[in-house]
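Following: one structure in structure tokens, then a few remarks.
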Number of protein chains: 2
Amino acid sequence: MDQVNLKKLAKELNLAVSTVSRALRDSHEISPKTKERVRELAEKLGFQPNPHASSLRQNRSKTIAVIIPEIENNFFSQVINGIESVTPDKGYHVLIYLSHEDYNKERDILQLLRNGRVDGVMISVSNTTTNMDHIEAWRQNGFPLVIFDRTCEDVDVPNIMTNDAEMAFKATEHLVKRGCKRIAFLGMAGNLSISNRRKAGYLAALEKYRIAAPPKVVELTAKDYINRDLLKQIFQEQPRPDGIFAAIEKFAVNTYEVCKELNLHIPKDVKVISFSNLQAAALFDPALSTIIQPAYDIGREAANILFKIIEKKMLMPYEKKMILPSQLIERASTAITS
Amino acid sequence: MDQVNLKKLAKELNLAVSTVSRALRDSHEISPKTKERVRELAEKLGFQPNPHASSLRQNRSKTIAVIIPEIENNFFSQVINGIESVTPDKGYHVLIYLSHEDYNKERDILQLLRNGRVDGVMISVSNTTTNMDHIEAWRQNGFPLVIFDRTCEDVDVPNIMTNDAEMAFKATEHLVKRGCKRIAFLGMAGNLSISNRRKAGYLAALEKYRIAAPPKVVELTAKDYINRDLLKQIFQEQPRPDGIFAAIEKFAVNTYEVCKELNLHIPKDVKVISFSNLQAAALFDPALSTIIQPAYDIGREAANILFKIIEKKMLMPYEKKMILPSQLIERASTAITS
DNA sequence: ACATTTTTCGAAATCGTTTGCAAAGAATTT
DNA sequence: AAATTCTTTGCAAACGATTTCGAAAAATGT
């Protein structure tokens, strides 16, 4: 790899390395004439500065890390898309890490990055994360960090999320207005902030509408077969739920699967609504009513805020806790059946 | 950031920097006793070597880049997942770049990486890529590179893909056996290798089964509304197709949408089968018959091969062109209606 | 013509790690 | 005992770009 570097350019042009460097960075202390000469040769030889040398010297990597629990989930894909909508313009690169919903992996990844490899981190915590020490350590270190979607209130770090509680309230309200009397909430096991917020909205709606039946909070997992078993149990109890509010897309899919198996008709026997960013939800049998999160915007805004922190700009108060609204789309799965 | 570095460790231990470095890299030329002392302090102070300094010195970044056309597509998410299943163990980091199906962006990204930022690249080319010069330039440069899924035969670079033609043949055959007489192929506009391979399989099946109706190859785009208009036209022609083979998942979705709008019944009026990695395809109305690609495996194998190249190991012949088989899943959208 | 400022450039230090080489001491062989 | 290896460590030079500092050279002012 006979890479062309500053030294080579300098020799060729009969200039000092420092002059070439300055010329390429458009320094005021280089004459227009030499700048032109330098740029021309650099262009011709296809010179590109070695990023490691730059990063080492400037103590700045021009790279950020995104840590997410999983990637086979439309929501996180859209977030990444949103992030990528700002990074190239900033001249930044994006490293992806998956925690696979494992606290230990998450901690190790964060640990791994405490050496200057990245200038900042965006993270959505795993659902097994109960301890926020690893996040807190970063914050205290003064390392730029933002948390999105799966936030943690305990730590003083910018949060970018959606109005989970409000939308959960609306979703539950929607089911109530469609005539459901026994609404179950399908949340993620663990102590996830979004699960808690969504559960709170669910409970608030039940209370507001004075639903007689006691709240039914079901904690599902990452494993489909376990979820299906649990759901089967629940649908075989008497009286069974006539409304399902799934806090996670995957759980709505599990519900559909189980209903098909048990010959329960959606929406006649059970109405279903779910948080989901799946475009194809409209094609389901029946079309699934969803709460769509502004995933792309969450990614974009989170990235913007991270860059503000990296650039040591002051954050507006609203940027410390940004809430982007979701959207409820009614479809056949919550239709009234006469 | 009072980062702890080798110099600090050395001073503290009253050793030379080089000794500390060697001790941490477990060099044979350091006595077990000093190794222990060094490791202990390094552990205590939480020393982590600066990756930029290492990369600069060793001319090796421990990072690979993945360039994909888009990320809001289950297939590519699964590929990334597969890649990530091997990278951490190798101590490697993964940069993600999106070409957004734009040849110029793709070229620029590749250009951007020709400076040592990464040790290798995995790419799935955009559908506007007709010119392979940028890939060829990399190859000639001796830079480690593998192409997956959307490969290009012209260039002598390891390919990892699925048996597109064969599965396209089987999908078409499947429609024929389900009684379809006029089967249309929905491919991506542009000169994409996978489109061509899948088209070839489609045509071969039509020929083998001596289908009277002339082949109908429809070229769709990235824009949903354009696709829907085109599909509407096609379904309003007489005679209209009674079978649709979508080479891309998105096109099957478009087909469903249009059929709903035109009140065409799937599978009675039209049968549909599609390449797709969407788990929820089984929940569609009707459940969509799919050809599932081994996306995760493609990612994993592609990464493994890339690492072999990076480590300058010889490739087995089959690794230069690896074909991982897809799987055809019959569902209601191609069922026989009596 | 001289002094002063401004412009333009070069030498060298720096970032933190790795590594070739030398050197000192210990262990072994002759 | 001398000569030889082997073990263990330190010194210093890389890697390539940036940046501080200072020195010419040119432009300006008196």
Side-chain angles (χ1 to χ4, degrees), chain A residues 1-39 41-42 45-63 91 93 112-119, chain B residues 1-39 41-42 45-63 91 93 112-119:
Chain A
M1 225 80 72
D2 50 344
Q3 274 293 345
V4 31
N5 52 23
L6 285 186
K7 206 191 290 182
K8 198 171 291 183
L9 286 182
K11 190 185 287 181
E12 188 86 11
L13 291 162
N14 218 11
L15 287 172
V17 174
S18 52
T19 307
V20 178
S21 172
R22 276 188 273 249
L24 290 172
R25 326 189 92 245
D26 203 22
S27 161
H28 68 277
E29 46 184 344
I30 300 296
S31 73
K33 217 184 303 173
T34 23
K35 271 186 194 168
E36 195 39 52
R37 279 181 63 212
V38 171
R39 270 201 278 255
L41 187 67
L45 299 187
F47 169 75
Q48 283 192 265
N50 181 307
H52 305 119
S54 286
S55 295
L56 175 60
R57 183 59 227 256
Q58 306 193 93
N59 200 29
R60 188 186 50 142
S61 63
K62 284 276 181 179
T63 307
H93 302 255
L112 199 66
L113 298 173
R114 293 181 64 169
N115 56 8
R117 184 179 292 278
V118 297
D119 296 341
Chain B
M1 225 78 73
D2 49 344
Q3 275 293 347
V4 31
N5 51 25
L6 285 185
K7 206 190 291 183
K8 196 170 292 181
L9 287 182
K11 191 185 287 182
E12 188 86 14
L13 291 163
N14 220 8
L15 286 173
V17 172
S18 54
T19 307
V20 178
S21 172
R22 275 188 268 252
L24 291 171
R25 326 189 92 246
D26 203 25
S27 161
H28 68 276
E29 44 184 345
I30 301 296
S31 72
K33 216 185 302 173
T34 22
K35 272 186 194 168
E36 195 40 52
R37 280 180 63 212
V38 171
R39 270 201 277 255
L41 186 68
L45 300 186
F47 169 75
Q48 284 193 264
N50 182 306
H52 304 120
S54 285
S55 295
L56 174 60
R57 183 58 227 252
Q58 305 193 87
N59 199 28
R60 187 185 52 143
S61 63
K62 285 271 181 184
T63 307
H93 303 255
L112 198 68
L113 298 173
R114 292 181 64 170
N115 56 9
R117 184 177 294 277
V118 297
D119 296 342

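All chains are named by letter (A, B, ...) in the order of the sequence lines, taking the proteins before the strands, and each is independently numbered beginning at 1.
- Counting heavy atoms from C-beta on, the side chains of B/Q3 and A/N59 never come closer than 4.5 Å.
- A donor-acceptor contact shorter than 3.5 Å is absent between the side chain of A/S21 and the backbone of A/V17.
- Put simply, B/N5 has a side-chain N or O that comes within less than 4.0 Å of OP1 or OP2 on C/dG16.
- In the set C/dC15, D/dG16, C/dT19, D/dG16 carries the atom at the smallest distance from any side-chain atom of A/N50.
- Atom-to-atom, CG of B/L9 to P of D/dG10 comes out at 13 Å; the value is rounded to the nearest Å.
- Rounding to whole angstrom units, CD of residue B/Q48 and P of C/dC15 are separated by 20 Å.
- Protein atom NZ of A/K8 is 15 Å distant from nucleotide atom C1' of D/dA17, rounded to whole Å.
- The number of heavy atoms from other shown groups lying within 6.0 Å of CG (B/D26) is above 12.
- Counting to the nearest Å, the P atom of C/dT8 and the CD atom of A/E36 are 15 Å from each other.
- Proximity of a side-chain donor or acceptor of A/T63 to a complementary backbone N or O of A/V118 within less than 3.5 Å is not detected.
- Atoms NE2 (B/H52) and C1' (C/dG16) sit 11 Å apart, rounded to a whole Å.
- Contact detail for B/L112 and A/H93: the closest heavy-atom pair is CD2-CE1, 3.7 Å.
- A donor-acceptor distance shorter than 3.5 angstrom exists from the side chain of B/R37 to the backbone of B/L13, with no hydrogens or angles considered.
- The CG-C1' distance, from B/L6 to D/dC11, rounds to 15 Å in whole Å.
- Remark: the backbone N or O of B/R117 is paired with a side-chain donor or acceptor of B/S61 at under 3.5 angstrom.
- The NZ-C1' distance, from A/K35 to C/dC9, rounds to 13 Å in whole Å.
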Might you list the N or O atoms of the protein lying below 3.5 Å from N or O atoms in nucleotides 24-26 of chain D, with each pair's distance?
none

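- Minimum atom distance to the side chain of A/A53 is reached by D/dA17, of the listed C/dT17, D/dA17, C/dA11.
- With hydrogens and angles ignored, no donor-acceptor pair under 3.5 angstrom links the side chain of A/S18 to the base of C/dC9.
- The shortest side-chain heavy-atom distance between B/F47 and B/L41 does not fall under the 4.5 Å cut-off.
- Each of B/Q58 and B/N14 lies near DNA chain D, and the nucleotide nearest B/N14 is the one positioned closer to the 5' end.
- With C/dT14, D/dT9, C/dG16 as the candidates, the nucleotide lying closest to the side chain of B/L56 is C/dG16.
- Protein atom CZ of A/R117 is 16 Å distant from nucleotide atom P of C/dG16, rounded to whole Å.
- Using a 4.0 Å cutoff on non-hydrogen atoms, the parts of residues 22-34 of chain B near DNA chain D are B/R22, B/E29, B/I30, B/S31, B/T34, ordered by number.
- A distance-only check finds no donor-acceptor pair linking the side chain of A/N115 to the backbone of B/N50 [under 3.5 Å].
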